Every structure is written in C-alpha cells, then in structure tokens.
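Here the structure is a predicted model, which means the values were calculated and not measured. Proteins get letters first, then strands, A, B, ... in listed order; numbering begins at 1 in each.
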Amino acid sequence: MSHQTQIDTEKCTGCEICISVCPFNALEMKEGKASVNDQCTLCGACGAECPMEAISVPSLEKGEDPGDYFGVMVYAEQRLGKISEVAYELLHKGRELADVLKVSLSAVLLGKDITGAASGLFEHGADRVYVADHPLLEGFTDEAYGEALTRIIRSYRPEIVLAGATSIGRSFIPRVATQIGTGLTADCTELSIDHEKRLLLQTRPAFGGNIMATIICPAKRPQMATVRAKVMKKGKPIPGRSGELIPVEPDWLEKPQKTRLLEIVEEIGEKVKLAEADVIVAGGRGLQEEKHFSLIRELAELLGAAVGASRGAVDSGWISYAHQVGQTGKTVAPRLYIAVGVSGAVQHLVGMQSSDTIVAINNDPHAPIFDVASYGMVGDLFEIVPEMIRQLKGR
Amino acid sequence: MHIIVCIKQVPDTRQVRLDEKTHTLIREGVESIINPYDLYALEEGLRLKDRFGGKVTVCSMGPPQTESSLREAISYGADEAVLLSDRAFAGADTWATSYTLAKGIQKIGPFDLILCGKQAVDGDTAQVGPGVAERLSLPYVTWVRKIEEIGEGRIRVQRLMDDGYDRLEMTLPALLTVVKEINEPRVPSLKGKMRAKSQKIPVYGAKDLEADPDLVGLQGSATQVIRVFPPPRLKEREWMEGTAGEQVGKLLEKLTKLKLIV
Ligand SMILES: Cc1cc2nc3c(=O)[nH]c(=O)nc-3n(C[C@H](O)[C@H](O)[C@H](O)COP(=O)(O)OP(=O)(O)OC[C@H]3O[C@@H](n4cnc5c(N)ncnc54)[C@H](O)[C@@H]3O)c2cc1C
Ligand SMILES: Nc1ncnc2c1ncn2[C@@H]1O[C@H](COP(=O)(O)O)[C@@H](O)[C@H]1O
C-alpha cells in the first residue's frame, strides 16, 4: 500500500472542499484539480470530507508503527463555564499513563470565555492546553464540539484520547471517533498500558454489569475511551504548576450550523449534584411513604450529602427521576454511599457499587444490597436513621 | 414523513452470566428481546406517523434469527422492516456496525428522521446512533426526552442532561437517540400481529449494500475484546451488631476513622 495521499483526478471536480478542511495546508489546486504537497501528515481530514470520494488516505495497517501519534490527550469537559470533576480525574489518570509512555499530557478546553480555566488544568498535570474559546462554543452541541475536537486531534495527533463518560462525552465522542476513523471504548472503569505492545488496555463492564471486558484498539490511532466519572481518583493539584497554552481559532464555526442550542434548563434543586457528590444518602421503597423521605433529606443535610433514590422510590412518586441511581438512572461512585431501605436489585447495584464505602440499612438480612456493603446494619430503618440523626447532632 | 427506527436484538441481560471456568457468556436459556430502549424509539416513530402520516421502517443488523424481533416491531405498528444480515457482518464493533447500518439506510432510501435507542443493554455503549449520524452526515441529538415540534424542515427537541435538560433545534433529516422518559410504549395490536406473520422482510447482505468488505464485521472493527472476566469479588463486609443505638455508634466510629465524616 502506498504511503501517500492519492487523489483520483478522474473523480476530482475541483470543488476545493479538501483544501478548506486541511489543517496543514497540504493541498493545493493544480490545473483545476486538487494535489497533495509534502506538508501532508496523512491525517485523513480531506478523505473524510471529499464528496466525490476522490481522495484515498492510507490508514494505519495492523502491525504498522503507530507513526507519529504521541502523547495523551484529555477532553476537559465544562458545563456553564465550570470544569467537571471528571476532567481532573482524567488528568490524574492521563498523567500516570503519559509517564509510563514517557510522553506529554495535553488537555482540550472548548467553550466561551473559558481560557482562564486552563490554569487549573496545568495544576492538575497537563503540560499543554489547547483552547478553542468562541461564542458559538458556549453551549454544547455535538456538531460544533465534535468538529472542534476532531480538528484538534487531527492537527496534534495524540496516541490516546480520554473523555468523561458523561451525558456530553458519551454523546459527541462517538462522532469524533467516527470522523477520525478510529475505535472507541465506552464507559471504561480501568485503564492501563501494555508496555510491550504500547497499547492502552481499556476495561469496562458490559451486560448490565454482569461481566467485565478488556478491549484494545490495535491498529488505529488515537486509541479513544470514555471513562466513567468518579472511578479514577482525582489527584492533588500542584499550585503554580504551569504549561503551554495553545489557542485554537475555530474559524470553521463561521459556516452555518445544522444544530442550534436554544436553552439550558437546570432542574435539580438540591445544593449538591448527585454525580459529583462525595457522600450520597439514598432511599428506597423501604421508606414506605413519601413523607418519610424527609428522614433521608435530614440525614443527607447533616452529612453534607446528596440525595439519591432507587427506582422503586422514584416510581412511587416520592422523589424526582433526577435522583435515581442505577442502570436507568445515574452512575455514581462517591466516597460514601448510604442505602436506606433499598433492596439492591442488580439494576441499582450497577449504578453505585464502585462507591468506596457502602453502608446498607435494611431489615432483611438477605437483601442483596448487603452483598456490596462494606458495613451492614440489619434492623428497622425507622429506628436506625433517627438514631443516626440524633447521634450526629450530638457530636 | 418517513421514519427509520434502528432496533437491535439483544439477550435479556438480566439473565446473562459468565461461566466462571471458561469465561464465556452463558447464553443458553437466555431469551432474545428487542433492546428495551429501542421500543421507545419505535413508539416515538409510530406517534409521529399517527400525527403527520407517512411510514415507519424498522432496520436491524444481526444474525438471521433477528427477523423475529423485526416481526415483533411490525406487530407494534411498523410498516416495513429490513434485515441486514451476512456472515461477513459478524463480530462487528460499534464502528463497523454504524457503517453497515448507514449503508442499509442508504439502501432503504430517502427519510426524514432516524430514531435509535439511547443504548443497547448488551454492550451499553451508546455509540452506534452518533456513529450512524456521522456516516450519513446528519445532525443528531442524543438522550432525547421529548420532541417539542416538527415542521418546515426543522425539529425541536429536549435533551436529558445530568443536571436538567437542554432544548435544541436541528434541520431535517436528522437522527435522535431517545431515553425512556420520552413515552410509554403501546402493546402490539391484533391486526399488527396478523400482519407480522405474513409480511415479507427483505434481507440484505454485504454485496446488496455495496459495502466495503474491509469495513464490516470483525475485519472492519477498530476495537478488539481481548479478555472477558467476572466482575471483581465484592469487598469484605462487616455487620454492625447490637441495638439501633449501638449499631449507629459503631458505624459512626468507623466512618470517622476513615475520615468519611467529621
Ligand atoms: C430495565 C430495568 C431498569 C431498571 N433500572 C433501575 C435503576 O436505574 N435504578 C434502580 O434503583 N432500579 C432500577 N430498576 C428496578 C429494580 O429492579 C428494582 O425494582 C428497584 O431498584 C427496587 O427499588 P427498592 O430497592 O427501593 O424497592 P424494594 O425492592 O421494594 O426494596 C425495599 C427494601 O426495603 C426494605 N425495608 C422495608 N421496610 C424496611 C424498614 N422498616 N427498615 C429497613 N428496611 C426496610 C426491604 O427489606 C427491601 O429490601 C430497573 C428495572 C428494570 C427492569
Ligand atoms: N445491530 C444493530 N442493528 C440495528 N440497530 C442497532 C444495532 N446496534 C445498535 N443499534 C442502535 O443503536 C442504539 C445504540 O446501540 P449501542 O451503541 O450498541 O449501545 C441502539 O439502541 C439501536 O437503536
């Protein structure tokens, strides 16, 4: 296979789309047809965009040297201008992987008036931060964010790209991976490096948490993964640590967008957001009545915790869906999870079993929630919880 | 309006376990069902048809037995069904799957909207919908919990987020992936069940789709599963003994030691 980008001049209509998308000025017009010069890095941007399929770009073949793809890149998610916790967790993990591979760690920041957030990313381990700061990137659309990240990856060619497995990451990262033409592993809970083959080992639960699978992306670059929030540990920032800030001009945004974000509506009234909370107190059907949910709220308040719920409690109408933990709700992994009157159906367990410490309160000693509990309390929640509130207040 | 709904046949994950010795999935006795989220996609398609007229085509890639799920979709009210099936498609990851589905959809012909489930419960990846959209150069929105409005070549939707929801507008044609909050699926009708029995379901293979053999199935997959194993053994558990007061006392002491509470 040839190692140059080839243009089929029979098919080329001279539309110049390839020239406008090439990040390296590697294409030019010659006698009304596109032609490749020696700036070409085989990034593939032109091939993906050519409407006539006139461009063939050699792709990385099995066993071939992964070429000049170097470094670990983390997508630093933000919403409403605030960097998500998962970004810091991924920088910590990314630092570890980069050190093993002896390469640098970069972060990508997309948004409006967001450049200032870069300093926090340096302090959490990034050597370089690519920032696209533009009014059209203020709110998240798959179209604009996807295009931005794709272009940055094509230009800077990292060997690994990590993003949070959040509503945002799981939405637009698949688009980026498809555009680039590489593999993507969703919702990983473990990442490590196979030294010998210089491969990223990506481990994730599948089949509703019943099995674990380790996945590799042997022949395509970058190796991309979305990573579950709260699974990787967030490291301590190093105050004053700095790095190289690289602004990216998103001029391609000037072209009309097919998607438009009209409004962002925040719904959860609680002070602490579930997915980011360090402590969660969750209530289930064992509470028996809506009004008893106040016990959960009071305990949570005392512990500075967020309020979670089983689907049983949500379906009973005691609390809104935004609080539901589990397969069809949120996945959480706080430092402390207290399950009150929750039986522990597998669909609930998959959403919380990677919490550091789990306390279960249930009057049925055989309730499956006890299988994942670090501390089990068998008894009536209507005695135990008020007692807990009393003792906590007395401290 | 022509709506295409992508449905996947999956094993009922509530029944799937791993053989601890061979580390392979125990599939015997595990029922195949339509991926639960895809039923919400199908229902939303049927509701749009009820409102605006047109037709709903269901499309699935899978082994020949996937036909039963397509027939089930017809019993719910889908007008047409297309099966993409070929030995060459086996072993596809989300990358190869989205390529094959995109080829299948191109074969089906012009459409206004593609609907997918939020994710398939076997792989839980949620990558195929966006992948199909990208390959067809369509705009898309994921996690849609409500379609607010359709008209004049545009669609307005609500996207469920971790902390609330977003409202977005796109040009048509477009692709949506839907969450279960979007509707309450109907039950199959008797008429539908009758039609499901007799309806012809075309089966397209790699050649029919003019699919590049290097891009489908295992061959076309960028990722590779190298190990499957049971989830790690659960942590040691300690019971708090005694009266409610004593149990709570012991617990708070432990949590304080772990610096989980102050
Ligand atoms: C496709 C699918 C997806 C699902 N997704 C989710 C999901 O995301 N999240 C989720 O949570 N569920 C989910 N479920 C539902 C799940 O299977 C269970 O039905 C649900 O979790 C049960 O909720 P629960 O534990 O509150 O209720 P129950 O199972 O009724 O348990 C109540 C518990 O309270 C205990 N109890 C009762 N009284 C007391 C008392 N006085 N003191 C102490 N303990 C007491 C009981 O012993 C019992 O163990 C899903 C189901 C399906 C089929
Ligand atoms: N083999 C398939 N055939 C048809 N649709 C599929 C297939 N795989 C995935 N999908 C669609 O893509 C969605 C997401 O699937 P996944 O990315 O596998 O989690 C599903 O809910 C389906 O709508």
Side-chain angles (χ1 to χ4, degrees), chain A residues 141-143 166-167 170-171 174-175 178-179 182-187 205-218 220 258-268 273 275 279 303 321 328 330 335-336 346 357 359 370-379 383-384 387-388 391, chain B residues 13-14 16-18 25 93-95 98 121-127 130-131 133-135 139-143 160-171 180-181 221-231 234-235 237-240 244-245 247-249 251-252 254-255 258 260-261:
Chain A
T141 66
D142 294 279
E143 194 176 354
T166 57
S167 302
R170 292 191 72 182
S171 186
R175 176 182 172 124
T178 309
Q179 276 188 332
T182 190
L184 170 61
T185 307
D187 207 19
F207 287 93
N210 289 319
I211 64 163
M212 305 290 291
T214 301
I215 293 164
I216 55 170
C217 178
K220 302 266 171 66
K258 292 177 184 163
T259 323
R260 209 153 57 89
L261 178 64
L262 306 172
E263 191 186 1
I264 295 177
V265 184
E266 278 196 286
E267 258 188 341
I268 303 187
K273 284 183 192 147
V279 182
L303 293 169
Y321 167 74
T328 44
K330 297 209 165 63
R335 294 181 58 220
L336 175 60
V346 62
T357 300
V359 175
F370 287 124
D371 294 342
V372 300
S374 340
Y375 301 112
M377 305 173 89
V378 180
E383 284 178 34
I384 295 176
E387 181 63 28
M388 220 155 147
Q391 291 197 24
Chain B
T13 49
R14 282 164 295 183
V16 173
R17 288 286 177 279
L18 202 64
L25 293 177
D93 72 351
T94 58
W95 206 72
S98 57
V121 296
D122 53 353
D124 293 324
T125 79
Q127 288 174 185
E134 177 53 34
R135 287 180 184 279
Y140 68 89
V141 173
T142 53
W143 335 132
L160 187 67
M161 299 296 282
D162 292 331
D163 53 1
Y165 66 93
D166 293 346
R167 296 179 54 241
L168 296 111
E169 188 179 82
M170 288 189 290
T171 55
K180 70 177 183 43
E181 288 69 28
S221 297
T223 59
Q224 204 179 311
V225 177
I226 53 168
R227 195 164 87 94
V228 177
F229 55 101
L234 304 163
K235 308 162 202 165
R237 175 196 49 231
E238 216 178 304
W239 296 104
M240 303 292 104
Q247 287 197 31
V248 169
L251 178 77
L252 295 185
K254 302 255 179 213
L255 297 183
L258 289 169
L260 289 169
I261 57 174

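- Residues A:Pro174 and B:Ala126 share a closest heavy-atom pair of CG-O, 4.3 Å.
- B:Gln224 contributes no side-chain N or O that, together with a main-chain N or O of A:Pro218, makes up a donor-acceptor pair within less than 3.5 Å.
- The greatest number of non-hydrogen atom pairs below 4.5 Å with chain B, out of A:Ala213, A:Cys217, A:Ser167, is found for A:Ser167.
- Residue B:Leu251 touches chain A through its side chain alone, counting heavy-atom pairs closer than 4.5 Å.
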Trace of the side-chain contact (heavy atoms from CB on, under 4.5 Å) decision for A:Lys220 with B:Thr223: CA-CA 9 Å; A:Lys220 302 266 171 66; B:Thr223 59; over 6 Å; no
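- Note: B:Leu255 CG to A:Met388 CE = 6.5 Å, rounded to the nearest 0.5 Å.
- Proximity to chain B (any heavy atom under 4.5 Å) is restricted, for A:Val359, to the side chain, taken from C-beta onward.
- Per-residue counts of heavy-atom pairs under 4.5 Å with chain A were compared for B:Gln247, B:Met240, B:Lys254, B:Glu134; the largest is that of B:Glu134.
- Atom CG in A:Leu336 sits 8.0 Å away from atom CD1 in B:Ile261 (nearest 0.5 Å).
- In terms of heavy-atom pairs under 4.5 angstrom with chain A, the leader among B:Thr171, B:Thr142, B:Asp166 is B:Asp166.
- Within the 4.5 angstrom heavy-atom criterion, atoms from both the backbone and the side chain of A:Thr185 approach chain B.
- Residue contact with chain A, scored on non-hydrogen atoms closer than 4.5 Å, involves the side chain of B:Trp95 exclusively.
- With a 4.5 angstrom heavy-atom cutoff, A:Ile216 touches chain B via backbone and side-chain atoms both.
- Scanning all heavy atoms of the two residues, the minimum distance from B:Tyr140 to A:Arg175 falls at OH-CB, 3.1 Å.
- Counting heavy-atom pairs under 4.5 Å between each of B:Met170, B:Glu238, B:Arg167, B:Arg135 and chain A puts B:Arg167 at the top.
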Test side-chain contact (heavy atoms from CB on, under 4.5 Å) applied to A:Thr357 and B:Leu258, step by step: CA-CA 9 Å; A:Thr357 300; B:Leu258 289 169; 4.2 Å; yes
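- The greatest number of non-hydrogen atom pairs below 4.5 Å with chain B, out of A:Asp187, A:Ile215, A:Thr166, A:Thr141, is found for A:Ile215.
- Between A:Asp142 and B:Val141 the shortest heavy-atom distance is OD2-CA, 4.3 Å.
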Steps toward side-chain contact (heavy atoms from CB on, under 4.5 Å) verdict (B:Thr94, A:Leu184): CA-CA 8 Å; B:Thr94 58; A:Leu184 170 61; 5.6 Å; no
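- Scanning both residues, B:Thr125 and A:Ala186, for their nearest heavy atoms gives O-CB, 3.6 Å.
- Formation of a donor-acceptor pair under 3.5 Å by the B:Arg237 side chain with backbone atoms of A:Phe370 is found in this model.
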Stepwise side-chain contact (heavy atoms from CB on, under 4.5 Å) check, A:Ile264 with B:Met161: CA-CA 9 Å; A:Ile264 295 177; B:Met161 299 296 282; over 6 Å; no
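- Only the side chain of A:Tyr321 comes within less than 4.5 Å of a heavy atom of chain B; its backbone N, CA, C and O stay farther away.
- Of all non-hydrogen atoms in B:Ala244 and A:Ile384, the two that sit nearest each other are CB-CG1, 4.1 Å.
- The minimum heavy-atom distance linking A:Gln391 with B:Gly249 is given by the pair OE1-CA, 3.4 Å.
- Ranked by heavy-atom pairs shorter than 4.5 Å toward chain B, the options A:Leu261, A:Thr182, A:Val378 are led by A:Leu261.
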